[in-house]
Undergrad: 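This structure is in structure tokens; I'll ask about it shortly.
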Amino acid sequence: MSLTRFDADGWRRSPLSRRRLDAGGTDEQVASVRAICRRVAEEGDAALLHYSAEFDTWAPPDAGALRVPAGRAARAHAELPAAEREALELAAERIRTFHRAQVFADVAGPEGLTLRTRPVRRVGLYAPGGRAAYPSTVLMAAIPARLAGVSRIALATPPNERGELPQAVLAAAHVAGVDEIYRMGGAQAIAALAYGTESIPRVDIIAGPGNIYVTLAKREVFGAVGVDGIAGPTEILVVADGTADAVEVAADLVSQMEHDPMAWAVLVTDSPGLADAVAEAFDDMVPRLERSAVIAAAHCCVVLTSSLAEAVDLANDFAPEHLELVGEGAEALLDRVENAGAIFVGRDTPVSLGDYVIGPNHTLPTAQAARFSSPLGVYTFLKRSSVAHLGAEEFQALQGAARTLAGVEGLGAHAHALEVRCERRR
């Protein structure tokens, strides 16, 4: 495959620079997800058993079999090869250390007014399967939830045709402190977590990425339950100058493209020489990689700009999930970055490290959502309640203005509730 080349003006005119999250799905997909969610809400476990056989190609004997037996995750952790177990524990400790700093205390306003912060009670996490197993996603979602103080954490992830889950996913659930693990995937898993069934308690928030059916299901159940966001395909944008290593840049672009044939990878540079060298390295690299077919189907572009400042402007417009700043000149541009889910500065900070062990979360806003949203974190699992406790003097000082505003809005019962208090205190 060859990289698509643009100059800055051509990139701005191209619809590729203005990609949007197509989470609407086809009419058939939307109808299917709605039917699945409705059936799970109405029929509970019976629907789950039906869809497990249909979509997960595993027929559990009963609904109780959907839940992984107690102790199975701990055993998977113990049985994991030492190198894999140590890698999981290293990643978990760095994730835990970074997210532990996300402390959110109650906020005191004027006397008698407070903003309280409390965790939700139950969280449902989703870890995708299919193309790959993602123990890193389990760590990235469960550790912040546990640090937030969530009482119960449930994990849903699709099994294979024998009802088995990857050892590494089970081990990650043990390391991260997951309380319940369910062998179920797709829209039916999201519906079960959102609405609850006879055997699966409903949750307050669902977090974690998935395919288009999972994404559509999260949209369908939102309101009955909170969701962390609506995620699209993964993205990486690299801003680099002529001092960057072309092979390393090409490798970083490719690293994210292997996730999904709909993934995005963009190099923005002021160096024609680097653009040519990256394209050459890319063409040489892709055929030799295991997931070359997925990579070849993804989007990859090179944009040549007149300056690094213009490169950052284009990056801010693109608002990528992952942004790398590479090269001597590029690294100095950090303060100009406004929109990015996660920023990786310098050649020794590739996204691949961030996906696993650096510490900040790898569940990030995609499809330009970095303009208004943030990575998954402890705050995802917290909610806030305002508390007001006024005395008689404050009531008397405020009731007149409140009654006036109630009159402006035509809400006489609001004013009456205040007038009653005034009359009973005379």
Side-chain angles (χ1 to χ4, degrees), residues 40 44-53 55-93 95-96 121-147 150-186 188-194 196-203 205-210 214 356 381:
V40 171
D45 284 345
L48 280 183
L49 293 174
H50 169 81
Y51 290 126
S52 289
F55 298 127
D56 291 335
T57 65
W58 171 56
D62 54 55
L66 292 170
R67 182 166 176 171
V68 173
R72 179 67 187 89
R75 189 165 74 252
H77 177 260
E79 295 172 351
L80 208 62
E84 295 180 17
R85 185 169 59 249
E86 291 167 5
L88 276 178
E89 290 170 352
L90 171 66
E93 185 54 35
I95 295 165
R96 195 173 287 114
R121 291 183 296 175
R122 290 184 57 86
V123 163
L125 306 179
Y126 188 87
R131 292 190 180 92
Y134 293 99
S136 59
T137 295
V138 177
L139 298 179
M140 292 285 183
I143 289 173
R146 183 58 73 206
L147 290 172
V150 173
S151 297
R152 298 290 292 180
I153 301 174
L155 170 67
T157 190
N160 64 18
E161 66 277 3
R162 296 181 299 278
E164 299 167 341
L165 299 179
Q167 289 280 89
V169 169
L170 291 170
H174 172 73
V175 170
V178 171
D179 299 297
E180 306 158 20
I181 306 171
Y182 295 98
R183 296 179 282 185
M184 57 184 186
Q188 66 271 22
I190 300 300
L193 293 171
T197 71
E198 299 92 328
S199 62
I200 299 174
R202 65 177 294 186
V203 302
I205 286 178
I206 297 174
V214 169
Y356 299 109
F381 306 104

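Remember, predicted model here, so these are calculated numbers, not experimental data.
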Undergrad: Taking only residues two or more places apart in sequence, or in another chain, which ones meet A172 in a side chain to side chain contact (heavy atoms under 4.5 Å, CB included)?
TA: L88, P135, V138, L139
Undergrad: Got a sec, which pairs hit side chain to side chain donor-acceptor pair (under 3.5 Å) with one end in residues 80-89, sequence neighbours left out?
TA: H77-E89
Undergrad: Kindly write out the residues that satisfy side chain to side chain contact (heavy atoms under 4.5 Å, CB included) with L49, not counting sequence neighbours, or none if the list is empty.
TA: P60
Undergrad: So which atom in A127 and which in T157 form the shortest heavy-atom distance, rounded to 0.1 Å?
TA: O-OG1, 2.7 Å
Undergrad: Nearest heavy-atom pair of P61 and A65: which atoms, and what distance?
TA: CD-CB, 3.7 Å
Undergrad: List the atom of R96, the atom of I143, and the distance in Å for their closest heavy-atom pair.
TA: CA-CG2, 3.7 Å
Undergrad: To check you understand the geometry: which heavy-atom pair defines the closest contact between I95 and Y356, and what is its length?
TA: CD1-O, 4.1 Å
Undergrad: For E198, give me all partners under salt bridge (Lys or Arg N to Asp or Glu O under 4.0 Å), at least two apart in sequence or on another chain.
TA: none
Undergrad: For the residue pair V169 and A133, what are the closest heavy atoms and their distance?
TA: CG2-CB, 4.1 Å
Undergrad: Which pairs pass salt bridge (charged side-chain N to carboxylate O under 4.0 Å, His left out) with one or both residues in residues 134-144, sequence neighbours excluded?
TA: none
Undergrad: Mind jotting down which residue pairs meet the salt bridge (charged side-chain N to carboxylate O under 4.0 Å, His left out) criterion with at least one end in residues 62-77? Sequence neighbours excluded, please.
TA: R75-E79
Undergrad: Looking at residues at least two apart in the chain, or sitting in another chain, which of them share a side chain to side chain contact (heavy atoms under 4.5 Å, CB included) with T197?
TA: V40, D45, L48, A192, S199, I200
Undergrad: Go through the structure and list residues passing side-chain hydrogen bond (donor to acceptor under 3.5 Å, both in side chains) with T137, not counting sequence neighbours.
TA: H362
Undergrad: Please name the pair of heavy atoms, one in Y126 and one in G185, separated by the smallest distance, quoted to 0.1 Å.
TA: OH-CA, 3.5 Å
Undergrad: In chain order, what residues pass the ring-ring contact (aromatic ring centres under 6.0 Å, His included) check against F55, with sequence neighbours excluded?
TA: Y51
Undergrad: Scan residues 171-183 for pairs that pass salt bridge (charged side-chain N to carboxylate O under 4.0 Å, His left out), counting only residues two or more places apart or in two chains.
TA: R122-E180, R146-D179, R152-D179, R152-E180
